[in-house]
Amino acid sequence: MNAKEIRDNTIPELNEQLGKLKDELFHLRFQHAINQLDNPMRIVAVKKDIARIKTVLNEKESADSTEA
C-alpha cells in the first residue's frame, strides 16, 4: 500500500484500515512468538503501513481544523 492510495481514502475508511492493520499486527506478533510465522518481514511492512495511515490521518485532521 503506497501513500497515494492512502491519501485517496476518507477519514472513516482510514480509521477502518488502521484497525484492521493493528489486528493483523497483533496476530503476526503472536505467530512470531510461537514460531509459526512464515514471513517475519510482514511485521515490518504492516508497521510501515500503520505509520503511513497515521501520517495521512494527521495531515487530513490538521487540514480540517485549519479550514474551520
Side-chain angles (χ1 to χ4, degrees):
M1 181 179 321
N2 61 25
K4 185 176 181 347
E5 292 173 353
I6 294 171
R7 283 192 172 87
D8 292 338
N9 293 329
T10 63
I11 291 177
E13 291 172 342
L14 290 173
N15 285 325
E16 182 180 336
Q17 287 178 350
L18 184 62
K20 288 179 183 178
L21 286 171
K22 285 185 177 184
D23 287 342
E24 182 179 355
L25 182 60
F26 171 78
H27 292 294
L28 289 171
R29 284 181 173 160
F30 185 75
Q31 288 177 347
H32 185 65
I34 58 174
N35 293 325
Q36 290 185 346
L37 187 60
D38 296 329
N39 184 7
M41 290 306 294
R42 180 69 185 142
I43 293 175
V44 175
V46 170
K47 283 182 179 182
K48 287 183 179 182
D49 286 342
I50 289 172
R52 285 186 190 106
I53 289 176
K54 284 185 173 184
T55 300
V56 172
L57 274 172
N58 285 333
E59 287 174 358
K60 287 185 180 237
E61 289 172 354
S62 66
D64 288 345
S65 65
T66 56
E67 290 175 2

**Q** When you compare the side chain of Ile11 with that of Asp64, does any pair of heavy atoms fall below 4.5 Å?
**A** yes
**Q** So do the side chains of Leu14 and Leu18 get within less than 4.5 Å of each other, counting heavy atoms only?
**A**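 No, too far: nothing below the 4.5 Å cut-off.
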**Q** Can we say Lys20 and Glu24 salt-bridge, meaning some charged N sits less than 4.0 Å from an Asp/Glu carboxylate O?
**A**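 So Lys20 does not pair with Glu24 through a salt bridge.
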**Q** State whether the side chain of Lys60 and the backbone N or O of Arg7 hold a donor-acceptor pair below 3.5 Å, judged by distance alone.
**A** yes
**Q** Do Phe30 and Leu25 belong together in a cluster built from hydrophobic side chains that touch within less than 4.5 Å?
**A** no
**Q** First locate atom CZ of Arg52, then atom CD of Glu5, and finally report the distance between them rounded to the nearest 0.5 Å.
**A** 10.0 Å
**Q** Could you grab the distance from atom OG1 of Thr55 to atom CD1 of Ile50, nearest 0.5 Å is fine?
**A**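 Output value for this atom pair is 11.5 Å.
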**Q** What heavy-atom pair brings Pro40 and Leu37 nearest, and what distance separates the two atoms?
**A**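 Taking Pro40 first and Leu37 second, the nearest heavy atoms are CA-CD2, 3.6 Å.
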**Q** Applying a strict under-4.5 Å side-chain criterion to I, L, V, M, F, W and Y, I'd like to know whether Ile43 and Met1 cluster together.
**A**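 Both belong to a single hydrophobic cluster.
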**Q** Quick check: closest heavy atoms across Ile6 and Ile53, and the distance to 0.1 Å?
**A** CD1-CG1, 3.9 Å
**Q** Give, for atom OG1 of Thr66 and atom CD of Glu61, the distance between the pair rounded to the nearest 0.5 Å.
**A** 12.0 Å
